[in-house]
Every structure is written in structure tokens, then in C-alpha cells.
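Beneath this line is the structure, given in C-alpha cells, with notes to follow.
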Amino acid sequence: MTEAASPPGRPRAGVIDGPATERATSVLAPNPSPMTLDGTNTWIVAEPDGRSAVVIDPGPLDEGHLRKVIAAVEESGRRVALTLLTHGHADHSAGAARFAELTGTPVRALDPAFRLGGEGLIAGQAVEVDGLVLRVVATPGHTHDSLSFHIPADGAVLTGDTVLGRGTTMVSHPDGDLGDYLDSLRRLRSMTVDDGVRTVLPGHGPVLRDAQGAIDYYLVHRAKRLAEVETAVEDGLRTPAEVVARVYADVDRTLWPAAEQSVRAQLEYLRGHGLIE
């Protein structure tokens, strides 16, 4: 993850811990770090007049956080009906099994390894709960199992780690794939034109009120990084660590291990397209 000099996407001021749109509310998990930013955003999504809620990404295995999520749902006069995962990284999914125990509800995910008492998720399908409609969007790349969830009624998309509220994300090589990631960004970009998506509800960081601007920044950033990695290889740098030291010199060194994963993905992409040997 890196920081943009001028944050793209018109991020909403302040940490998300409360309502973000008419249907989506965040409960911030207590797991801040350079990788997770302020912490994981656990999303509660429900129709304004509905009595059932969907929880997306329960977050880490933290009993206090899980019970806080349940309390937030109950205080709104609702019950948890279903849990969904954007992907299987522990900061999003480790609490899912315990959350399922506490609520008696199923967990649905793309990867069968993370499903509990529920069916899988398929790109394009609509998940409907008490009037709420969530559309499943395949956004692989950060990981192979990354999904986003479109809330048509809010003009919003929950992006997990595919688009963050601050900085940029990594491609989790070898599980993730840069070609897939670029396709996913283009898919999300098309939704800002074809499906009225205006708002990004990320897995970490603030709400982005200009979805198109944020995704355009991501695409430009990725093209710039690829060009820098290609130049570094042409200049004789060979190992991912060498490339990171040059290309990511402006990034906090605590993030270099994650940057190295992204560099491995970029090198694989460049070789696959015949741009480097």
C-alpha cells in the first residue's frame, strides 16, 4: 500500500465507524496496522425498513469486535441473517466462524474453504435479503477469490481490498494475479459509467465519494509502477528485493514485504506479455 500525494476519490473525512450510505454502516475492527490502515471495515448492510441485515467481512477473530457488530445490528432493530466475505485474508475472515456461532447464520464466500452452512457465490448473482439487493461482482487479482458487492440502490460498491479508501493495495502473489487485477479495476470502472456507481465502500480506509476518480487513479498508478519495474529490469536489477529498493524507495519500509509480492506479480505479468525476459 502506498500513499497518494493528493488522495484520489474524494475520501470522506474521518475514520468510518457508523453510517456511510442509506443502507451501509461500518463497524471498525481494532486491528490497525500499516497494512490494514485504521483497521478492517466490517459492513452491515440492510434496507432502511428491513428487519434483517447482511454482514460483510466480520474481520479478525476478536470477540469484542464481533459482539460489537451484533450489538450494532440489534440496536437498529434488526437481526443478522447472512455473512458474506470479500476474500479469505485473515483480517477479513478470521472471525467468520465465531461470528457464525454467535449469530447462528451461514457464511457465504467464493472459496469453499471459507463457507459455513451456506452455498457459494457466483459472479453476477443477486443476493436478496428482506428487500435488500446485493449484486456479486468478480474482482480477482488482489487474491484469486476477491469479490466486490454492488448495492444498486445506493450507487455504491463494497470493494474489500480491491480498492482501498487510502493509498493503493497489493497483488498478493502467487495467489493474486496482476492481469486479473487490472481487468477487475476496468470492470469496476465500467460500473461507474454503466451502473451508476458513485461511492466506494472499502475494506480499509475512508469512504470514497468519487468512485470513478479513485479507480482511474489506480489504473494510472499501476501503469506507472509497471513502467518503473520494466525500466529497473532493463537497468540490470534482477531480484524482487532489488526492484523494490528502487521502485518503492518512497514507501514505508515496513511495507516492503508486501511490495515485494506486488513486484513478483508485476515481473510475472511483464514476462507473460513478452516485455522482459
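Owing to the predicted nature of the structure, the values given are computational and were not obtained by experimental measurement. The analysis underlying the following values was restricted to heavy atoms, covering all of them including side chains, and did not include hydrogens, waters or symmetry mates.
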Can you pull out every ring pair (Phe, Tyr, Trp, His ring centres under 6.0 Å) where at least one residue sits in residues 250-269? Sequence neighbours excluded, please. Y269-H273
Same apolar cluster (I L V M F W Y, side chains within < 4.5 Å links), [X]/[Y]:
X    : Y    : result
L61  : M35  : no
I44  : V80  : yes
W43  : L85  : no
L219 : L226 : yes
V129 : L158 : yes

Which atoms form the tightest heavy-atom contact between [X] and [Y], and what is the distance?
X    : Y    : value
R186 : D183 : NH1-OD1, 3.1 Å
A72  : V27  : CB-CG2, 4.1 Å
V193 : R189 : CG2-NH1, 3.4 Å
G176 : V171 : C-CG1, 3.7 Å
V207 : I16  : N-CD1, 3.3 Å
R78  : G50  : NE-O, 3.0 Å

Would a 4.5 Å heavy-atom cut-off, applied to side chains only, mark [X] and [Y] as touching?
X    : Y    : answer
R222 : L182 : yes
V233 : L270 : no
L134 : L132 : yes
E63  : L102 : yes
H65  : P30  : yes
T83  : P106 : no
D161 : S146 : no

One pair to check against side chain to side chain contact (heavy atoms under 4.5 Å, CB included): V137 and L147. What are the steps and the verdict? CA-CA 6 Å; V137 184; L147 297 172; over 6 Å; no
Can you tell me how far apart [atom1] ([X]) and [atom2] ([Y]) are? Round to the nearest 0.5 Å.
X    : Y    : atom1 : atom2 : result
D250 : Y248 : CG    : OH    : 9.5 Å
L178 : H142 : CG    : NE2   : 13.5 Å
T143 : D111 : OG1   : CG    : 9.0 Å
S33  : D91  : OG    : CG    : 7.5 Å
T192 : R187 : OG1   : CZ    : 14.0 Å
D180 : T139 : CG    : OG1   : 10.5 Å

Let me know which of L208, T36, T169 forms a side-chain contact (heavy atoms from CB on, under 4.5 Å) with L164.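 For L164, the side-chain contact (heavy atoms from CB on, under 4.5 Å) test succeeds with only one of L208, T36, T169, which is T169.
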Pick one: which of I151, V157, T159 meets side-chain contact (heavy atoms from CB on, under 4.5 Å) with L201? I151
Verify whether the ring centers belonging to H87 and H144 lie closer than 6.0 Å.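 Ring-ring flag for H87/H144: false, centres at least 6.0 Å apart.
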Sorted by chain and number, sequence neighbours left out, ring pair (Phe, Tyr, Trp, His ring centres under 6.0 Å) with F99 holds for none
Check ring pair (Phe, Tyr, Trp, His ring centres under 6.0 Å) between H173 and all other residues, then give those that pass, not counting sequence neighbours.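 H173: no ring pair (Phe, Tyr, Trp, His ring centres under 6.0 Å) contacts found.
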With the threshold set at 4.0 Å, does a side-chain nitrogen-carboxylate oxygen contact exist between [X] and [Y]?
X    : Y    : value
E260 : R264 : yes
R238 : E242 : no
E74  : R79  : no

Return each pair, listed once, that meets salt bridge (charged side-chain N to carboxylate O under 4.0 Å, His left out) where at least one residue sits in residues 12-40; pairs must be two or more places apart or across chains.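 Matches after skipping sequence neighbours: D17-K68, R23-E47, R23-D154, D38-R166.
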Let's go through T40 and N31 carefully: what are the C-alpha distance in whole Å and the side-chain angles of both, what is the deciding distance for side chain to side chain donor-acceptor pair (under 3.5 Å) to 0.1 Å, and is it a yes or a no? CA-CA 7 Å; T40 301; N31 61 333; 3.0 Å; yes
Check the pair T162 / S184 against side chain to side chain donor-acceptor pair (under 3.5 Å), numbers first and verdict last. CA-CA 8 Å; T162 298; S184 293; over 6 Å; no
Are a donor atom and an acceptor atom from the side chains of N41 and H204 found within less than 3.5 Å of each other?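 Per modelled atom types, N41 and H204 side chains form no pair under 3.5 Å.
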Quick check on R135: does its CZ atom have over 12 non-hydrogen neighbours (other residues, nucleotides or ligands) under 6.0 Å away?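 12 or below, so no.
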Is it the case that over 12 heavy atoms from other parts of the model lie below 6.0 angstrom from the CZ atom of R253?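 Not more than 12 within 6.0 Å, no.
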Are any side-chain N or O atoms of [X] and backbone N or O atoms of [Y], one a donor and one an acceptor, separated by less than 3.5 Å?
X    : Y    : answer
D62  : G64  : yes
T199 : A156 : no
R225 : V247 : yes
S172 : D175 : no

Distance-only donor-acceptor hits, side chain of residues 52-59, under 3.5 Å, sequence neighbours excluded:
unit_1 : atom_1 : unit_2 : atom_2 : d
D57    : OD1    : T86    : N      : 2.8
D57    : OD1    : T86    : OG1    : 3.4
D57    : OD2    : T86    : OG1    : 2.7
D57    : OD2    : H92    : ND1    : 2.8

Could you check whether the rings of Y218 and Y181 sit parallel, tilted or perpendicular, using 30° and 60° as the cut-offs?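 Tilted, since the angle between the ring planes falls between 30° and 60°.
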Start with the C-alpha gap between I70 and T103, add the side-chain angles, then the distance that decides, and say whether side chain to side chain contact (heavy atoms under 4.5 Å, CB included) holds. CA-CA 8 Å; I70 294 169; T103 59; 3.7 Å; yes
Please tabulate, one pair per line, all N/O donor-acceptor pairs under 3.5 Å involving side-chain atoms of residues 115-125, not counting sequence neighbours.
unit_1 : atom_1 : unit_2 : atom_2 : d
R115   : NE     : A109   : O      : 3.0
R115   : NH2    : L110   : O      : 2.7
Q125   : OE1    : I122   : N      : 2.3

Side chain to side chain contact (heavy atoms under 4.5 Å, CB included) for F149 and L84? Distances and angles first, verdict last. CA-CA 9 Å; F149 297 101; L84 304 177; 3.8 Å; yes
Can Q266 and V243 be said to form a side chain to side chain contact (heavy atoms under 4.5 Å, CB included), step by step? CA-CA 11 Å; Q266 289 172 88; V243 174; over 6 Å; no
Quick one: do R271 and E268 satisfy salt bridge (Lys or Arg N to Asp or Glu O under 4.0 Å)? Show the steps, please. CA-CA 5 Å; R271 292 190 186 103; E268 184 176 276; over 6 Å; no
